[in-house]
Trainee: 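Starting off with a structure, shown below.
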2 protein chains.
Amino acid sequence: MIEKVIKALKNSGYRITPIRRALFEILITSKKPISVDGLIRSLAKKGMKPNKTTIYRELASLKTGGFIKEVQFKSDCRMYEITSLGHHHHLVCTKCNTIEDVRMENDMKQYEKKIYKKMAFKIFEHSLEFFGLCRKCQ
Amino acid sequence: MIEKVIKALKNSGYRITPIRRALFEILITSKKPISVDGLIRSLAKKGMKPNKTTIYRELASLKTGGFIKEVQFKSDCRMYEITSLGHHHHLVCTKCNTIEDVRMENDMKQYEKKIYKKMAFKIFEHSLEFFGLCRKCQ
DNA sequence: CTAAATGCAAACATTTTGCATCAGA
DNA sequence: TCTGATGCAAAATGTTTGCATTTAG
């Protein structure tokens with residue numbers, strides 16, 4: 001998994017620096033959106049203390065390259081997830097703040113078609129987040 | 001419409017100041033989410049030049065009171081809309097940045113039930129935004 | 001009259017920019 | 001070697017706080 005991403009990065013002209021490799025290890029194993037501070041904490045656990053600026057620049061670059069996706073829940077800070085996890089939605093627990101992914105089979109396709117017919121708005125992308133209580137917090 | 005809201009505000013103990021009244025006039029006629037800067041621009045057109053702090057405090061207070069709702073699209077700044085418009089979703093044009101509202105009949109209820117069965121996650125709220133091109137920009 | 005609303009300055013948090021140095025390929 | 005990556009300081013942006021003054025009811 002990680003080596004596949006590394007290869008794709010190389011093909012896109014990115015250099016494989018220790019920080020960048022570590023970032024992807026974190027994003028891949030995290031499996032859920034993670035904030036800049038979360039990334040920096042995870043990097044610290046790996047013994048790396050990169051500058052915040054580096055992380056911001058890195059995330060901007062990887063976003064442009066299509067390797068990561070930015071998501072935003074309510075007023076909270078921006079979070080990032082790796083795109084290779086595929087399209088999905090988020091379950092945000094309003095008590096413990098954990099985030100779970102959820103995949104819906106036929107997704108929103110029929111809704112999007114309906115909307116196009118009704119409003120002539122051509123949809124390319126959507127974001128759907130659910131807020132509530134996770135199993136533990138109920 | 002505006003007088004109905006004013007009455008509700010009074011009942012909740014809010015004072016009806018010129019700024020507050022103007023804010024609601026703007027939120028009601030706008031019919032779509034509007035940013036702090038947008039609000040300040042609209043107020044300026046009405047000849048009012050309130051401090052930004054006032055607007056932030058006002059929005060925080062009205063949000064707590066349940067009169068307005070905060071929405072956030074991608075990396076863009078926070079936007080606000082009046083809650084009395086009812087639950088709906090947004091169509092965000094990625095070219096001209098205009099926002100349209102869209103209402104979906106049976107909404108997401110069946111999805112939310114499915115998710116509860118599958119993941120034991122109890123949903124209270126959701127936010128759904130579509131990104132694409134509006135009629136004019138296609 | 002009195003608590004709520006406002007303005008102003010300053011603090012705070014997050015993100016971005018400029019520039020010099022470093023290092024992957 | 002040479003350009004992309006990094007660190008550091010400073011700036012820019014968006015939002016909040018403390019405190020004195022004003023004002024709606």
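Below, chain A is the first sequence line, B the second, and so on; all start at residue 1. Remember, predicted model here, so these are calculated numbers, not experimental data.
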Trainee: If only side-chain N and O atoms of B/Arg78 are considered, is one of them under 4.0 Å from the OP1 or OP2 phosphate oxygen of D/dT15?
Mentor: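 Answer is yes, contact under 4.0 Å.
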
Trainee: Atom CG of A/Leu128 and atom CE of B/Met108: how far apart are they, to the nearest 0.5 Å?
Mentor: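 The distance works out to 6.0 Å.
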
Trainee: Given the rule in the ring pair (Phe, Tyr, Trp, His ring centres under 6.0 Å) test, do A/Tyr14 and A/Phe67 qualify, once you have shown the distances and angles that lead to the verdict?
Mentor: CA-CA 11 Å; A/Tyr14 287 86; A/Phe67 288 90; 5.6 Å; yes

Trainee: May I have the distance from B/Met48 (atom CE) to C/dT6 (atom C1'), rounded to whole angstrom?
Mentor: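 Nearest whole value for this atom pair: 11 Å.
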
Trainee: Under 4.0 Å between a side-chain N or O of A/Asn51 and OP1 or OP2 of D/dT6?
Mentor: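 No, no such contact exists.
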
Trainee: Should A/Leu27 and A/Leu39 be marked as a side chain to side chain contact (heavy atoms under 4.5 Å, CB included) after you check the CA-CA gap, both sets of side-chain angles, and the distance that decides it?
Mentor: CA-CA 8 Å; A/Leu27 287 168; A/Leu39 285 169; 4.3 Å; yes

Trainee: To the nearest Å, give me how far apart CG (A/Leu39) and C1' (C/dT15) are.
Mentor: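 It is 15 Å, rounded to the nearest whole Å.
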
Trainee: Any salt bridge linking A/Glu100 with A/Arg135? Criterion: basic side-chain nitrogen under 4.0 Å from a carboxylate oxygen.
Mentor: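 Not counted as a salt bridge, because no side-chain N and carboxylate O are separated by less than 4.0 Å.
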
Trainee: Roughly, in whole Å, what's the span from CD1 in A/Ile19 to P in C/dA23?
Mentor: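 Whole-Å distance recorded here is 11 Å.
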
Trainee: Could you write nucleotides 19-25 of chain D as a row of B, S and -, 5' to 3', where a protein heavy atom under 4.0 Å of any base atom gives B, of only sugar-phosphate atoms gives S, and otherwise -?
Mentor: B---BBS

Trainee: More than 12 non-hydrogen atoms from neighbouring residues, nucleotides or ligands closer than 6.0 Å to NZ on A/Lys46, yes or no?
Mentor: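 Check passes, neighbour count above 12.
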
Trainee: Going through the checks in order, is the side chain to side chain contact (heavy atoms under 4.5 Å, CB included) test met by B/Ile6 and B/Arg21?
Mentor: CA-CA 7 Å; B/Ile6 294 296; B/Arg21 176 180 280 273; 4.1 Å; yes

Trainee: Would you tell me whether B/Asp37 and B/Ser35 have side-chain atoms, one donor and one acceptor, within less than 3.5 Å of each other?
Mentor: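 Side-chain D/A pair, B/Asp37 to B/Ser35: absent.
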
Trainee: Can you measure B/Ile40 atom CD1 to C/dG7 atom C1' for me and round it to whole angstrom units?
Mentor: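 The answer, rounded to whole Å, is 13 Å.
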
Trainee: Determine: side-chain N/O of A/Thr54 to OP1/OP2 of D/dA5, distance under 4.0 Å, yes or no.
Mentor: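 Answer is no, no contact under 4.0 Å.
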
Trainee: At less than 3.5 Å, do the side-chain atoms of B/Thr53 and the base atoms of C/dA9 form a donor-acceptor pair?
Mentor: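 A donor-acceptor contact between them is present.
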
Trainee: Is A/Tyr56 close enough to C/dT15 that one of its side-chain N or O atoms is under 4.0 Å from OP1 or OP2 there?
Mentor: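 Looking at the OP1 and OP2 atoms of C/dT15, one of them is under 4.0 Å from a side-chain N or O of A/Tyr56.
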
Trainee: Rounded to the nearest Å, what distance is computed from the CD1 atom of residue B/Ile55 to the P atom of nucleotide D/dG14?
Mentor: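 In whole Å, D/dG14 P and B/Ile55 CD1 are 15 Å from each other.
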
Trainee: Quick one: B/Glu70 CD to D/dG14 P, roughly how many Å, whole number?
Mentor: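 One finds 14 Å between P of D/dG14 and CD of B/Glu70, rounded.
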
Trainee: Could you tell me how far apart A/Arg20 (CZ) and D/dT3 (C1') are, to the nearest whole angstrom?
Mentor: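 In whole Å, D/dT3 C1' lies 13 Å from A/Arg20 CZ.
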
Trainee: Roughly how many Å is it from CE in B/Met79 to C1' in D/dG14, rounded to a whole number?
Mentor: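 Rounding to the nearest Å, CE of B/Met79 and C1' of D/dG14 are 14 Å apart.
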
